[in-house]
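Reading through the structure tokens given below for one structure.
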Amino acid sequence: MQTRTISLTVSRLEFKTLCNYFTNLEATTKRNEMISTLAELFQNSDEEEIDSISYFLVGDITADYKEVKLGMGEEMTKSSISLALELGEDDVDEKFQELGDLGDLAAEVEHGPEKKFAEFFEIDALTVEKVHEGLLKIANTSGENSQEIMKKTLAALLSAADSCSRRYIIRLVLGQMRLGVGDMTVLDGLAAAFLGSKDDRPPLEHAYNVSSDIGYVAQILAKSGLEGVKRIRVAINRPLRPQLAQRVDKITEVREKIDSDTISVEEKYDGERIQAHKDGGKVRLFSRRLNEITHQFPEIVESVSNHVEADSAILDGEAVAYDFSEKEYFPFQKIMNRRRKYDIEEYAEKIPVKYMVFDLVYKNGSSYLRKNYIERTEEMHEILGEHDYIAPTGRILTDNLDEIDEYFQDCISRGLEGVICKSTSSNSYYRAGAREWSWIKWKSSYASELSDTLDLVIVGSYAGKGKRAGTYGSLLCASYNHEEDIYETVCKLGTGFTDELLAELPEKLSDAQSDKKPARLKTTENVEPDTWFTPKHVIEVKGSELTESPVHTCNWDPEKERGLGLRFPRFIRWRPDKSPEQATTTSEIVQMREG
DNA sequence: CCTGATGCGTC
DNA sequence: GTCGGAC
DNA sequence: GTCCGACGACGCATCAGG
């Protein structure tokens, strides 16, 4: 065994000091103000802890793609707070409903800690690094008794913290800082701190998009300056942030938004985004959020390995569950069965997957990011033929809007989700991490005539969190089963409301509020809103699709223990003209689903 | 050994 | 994933 | 137009506790 003296970098920024910056950031909605606060923070940060600080700002403790999971959510956190601050579980629940933020709750409680929980995590001074270490310890705890150890480790951190620090420790555990600061704002702040102005963000953004690690970019910038950052390049086995698509509500907008005459119209599959890295004979797969999912799709690994004619390559595409005997796509829920750790081979046979490739980002040592769409996809077609489990994404190239629509209709009739329209202009580069108008999605569910619009009865509500504190976060919605004269849940609904509507909701619904669950409402055990409402108020709700549900009771099948649920529900408008019996009926919903 | 609660990640 | 608000 | 943070359904893994 080798011992060596490590020169300990004494970077001992008090966590409390960092929390002052958090507080200032949270106090404003002006991005420019945030950026100057961030710039000041970064200028005062030691280069050894600027990475942790960057992660903290966006509510993480490491890069997204590193397999570090806290394993503590709301429930465990509540329990830890209760333990550390000696507050009854019921008090915590009640306060949480009121405040909508467990961090605020932990900050509010007055408590001089009796217990220190030092046997779980010893703290002499609560520095930034100490908090980081504690959070990593929680993430690394597993196995028997792990929940107790995690709770007590967090309790140790809380016991060593002042009120304000408790707020942000809790928010870090939950991964929600609610500062109004996201990754792009952090990059602006870094640019302002080290390069003079937020306008100098582009090279940082590029490094981030290619490395997917904001802490790394921050640290390289602090240590080696812009030169160091510019050396960060696309690399095999390091996932890059996938390019995303904008959406459009009318197909005619595609023509206005896309900057090239010729538009590539690609099939859009309802599957899972996968970035494949081929490194000689080795293949690794990464998900949309850059988690490694290589082991989940052996057939894709094999296909990329055998049918991609390149020594090294990075491909972008969508894995879609495919029924080879019927020659049709399986619904999205099927591919979710493939997100597993066990019985992989069995499920690979039951639910095979086709990897539909639409882009080539890297080949044989060269980045293709700065090649245009046509160049990239031509090469992609050259190295990739059509095989069982891998194929290039179907597409047409056209400058004609009618042809786009025709192709879209054709895709819908073949069971696809819609199309993605892409620019073919000379600067149609692969813009890692960007959601821009060079890629536009047009889904069937955006077209009103193809989407499911339901009039549903409000039967419950859930307390809002964060900026929804004090009002409702979501509403429990039900259909009317006219045969049995009962109401059956279809979805919770938490988006589509304006702030104004949201603010007046409690008042508007107060006349229907009830202490008990309505007698004629059927629910499963998993559905337990904070407030019940007697069926009275009707609202129009739009969704993209009706799916089989284990939690919603609409058209409940006792044998399968499944009902119907609405995917992507959003509020459209109030329907004061409708009585609850005039709401969409369960049988109408069944008909919608059948087609 | 099984089940429900909880967390996490896909869309 | 969808959506609305702030800039 | 961009960025951020509210919120949705659903499936698998893990752990606690019977």
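Throughout, protein chains are lettered first and strands after them, A, B, ... in sequence-line order, and every chain is numbered starting at 1. Please read these numbers as outputs of a predicted model, since none were measured by experiment.
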I want to verify a distance call: between [options], whose nearest atom is closest to the [X] side chain?
{"X": "A/Thr498", "options": "B/dC11, C/dG5, D/dA9", "result": "C/dG5"}
{"X": "A/Lys341", "options": "D/dT14, B/dT6, D/dA6", "result": "D/dT14"}
{"X": "A/Arg247", "options": "B/dC8, B/dT10, C/dC3", "result": "C/dC3"}
{"X": "A/Lys443", "options": "C/dG1, B/dT10, D/dA6", "result": "C/dG1"}
{"X": "A/Glu272", "options": "D/dC15, B/dT10, D/dG1", "result": "B/dT10"}
{"X": "A/Gln147", "options": "D/dA16, D/dC10, D/dT2", "result": "D/dA16"}
{"X": "A/Met336", "options": "D/dG11, D/dG8, D/dC15", "result": "D/dG11"}
{"X": "A/Lys69", "options": "B/dG9, B/dT10, D/dT2", "result": "B/dG9"}
{"X": "A/Arg273", "options": "D/dA16, B/dC11, C/dC3", "result": "B/dC11"}
{"X": "A/Arg339", "options": "D/dT2, C/dC3, B/dG9", "result": "B/dG9"}

>> Against A/Tyr269, only a single residue in A/Phe358, A/Tyr355, A/Tyr329 fulfils ring-ring contact (aromatic ring centres under 6.0 Å, His included); can you say which?
In response: A/Tyr329
[X] [atom1] to [N] [atom2], straight-line distance once rounded to whole Å:
{"X": "A/Glu205", "N": "D/dG1", "atom1": "CD", "atom2": "C1'", "result": "13 Å"}
{"X": "A/Asn526", "N": "B/dT3", "atom1": "CG", "atom2": "P", "result": "15 Å"}
{"X": "A/Glu75", "N": "B/dG4", "atom1": "CD", "atom2": "P", "result": "17 Å"}
{"X": "A/Arg340", "N": "B/dC8", "atom1": "CZ", "atom2": "P", "result": "20 Å"}
{"X": "A/Arg31", "N": "C/dG5", "atom1": "CZ", "atom2": "P", "result": "19 Å"}
{"X": "A/Arg468", "N": "D/dA6", "atom1": "CZ", "atom2": "P", "result": "9 Å"}
{"X": "A/Lys465", "N": "D/dG5", "atom1": "NZ", "atom2": "C1'", "result": "14 Å"}
{"X": "A/Gln296", "N": "D/dC12", "atom1": "CD", "atom2": "P", "result": "11 Å"}

>> Under 4.0 Å between a side-chain nitrogen and a carboxylate oxygen: does that hold for A/Arg289 and A/Asp64?
In response: no
Does OP1 or OP2 of [N] have a side-chain N or O of [X] closer than 4.0 Å?
{"X": "A/Tyr347", "N": "D/dG11", "value": "no"}
{"X": "A/Thr185", "N": "D/dC3", "value": "no"}
{"X": "A/Ser549", "N": "D/dC10", "value": "yes"}
{"X": "A/Thr495", "N": "D/dA6", "value": "no"}
{"X": "A/Arg570", "N": "D/dC7", "value": "no"}
{"X": "A/Lys151", "N": "B/dT6", "value": "no"}
{"X": "A/Asn291", "N": "B/dT10", "value": "yes"}
{"X": "A/Thr29", "N": "D/dC4", "value": "no"}
{"X": "A/Arg567", "N": "D/dG11", "value": "no"}
{"X": "A/Lys467", "N": "D/dG5", "value": "no"}
{"X": "A/Gln333", "N": "D/dG11", "value": "yes"}

> Where each residue is assigned the nucleotide of DNA chain D containing its nearest heavy atom, which of A/Asn145 and A/Phe568 is assigned the position nearer the 5′ end?
Replying inline: A/Phe568
> A/Lys257 or A/Gly464: which one's nearest nucleotide on DNA chain D is closer to the 5' end?
Replying inline: A/Lys257
> Is A/Leu179 touching bases, backbone alone, or none of the nucleic acid, heavy atoms closer than 4.0 Å?
Replying inline: sugar-phosphate
Taking the six-membered ring for Trp, are [X] and [Y] parallel (under 30°), tilted (30 to 60°) or perpendicular (over 60°)?
{"X": "A/Tyr472", "Y": "A/Phe533", "answer": "perpendicular"}
{"X": "A/Phe571", "Y": "A/Phe497", "answer": "tilted"}
{"X": "A/Tyr430", "Y": "A/Trp439", "answer": "perpendicular"}

> Would A/Ile589 and A/Asn555 satisfy side-chain contact (heavy atoms from CB on, under 4.5 Å), going step by step from the backbone distance to the final call?
Replying inline: CA-CA 8 Å; A/Ile589 290 177; A/Asn555 195 44; over 6 Å; no
>> Can you work out whether A/Arg435 or A/Glu500 has the more 5'-proximal nearest nucleotide on DNA chain C?
In response: A/Arg435
>> When you compare the side chain of A/Glu266 with that of A/Lys268, does any pair of heavy atoms fall below 4.5 Å?
In response: no
>> In whole Å, measure the gap between the C1' atoms of B/dC8 and C/dG1 for me.
In response: 16 Å
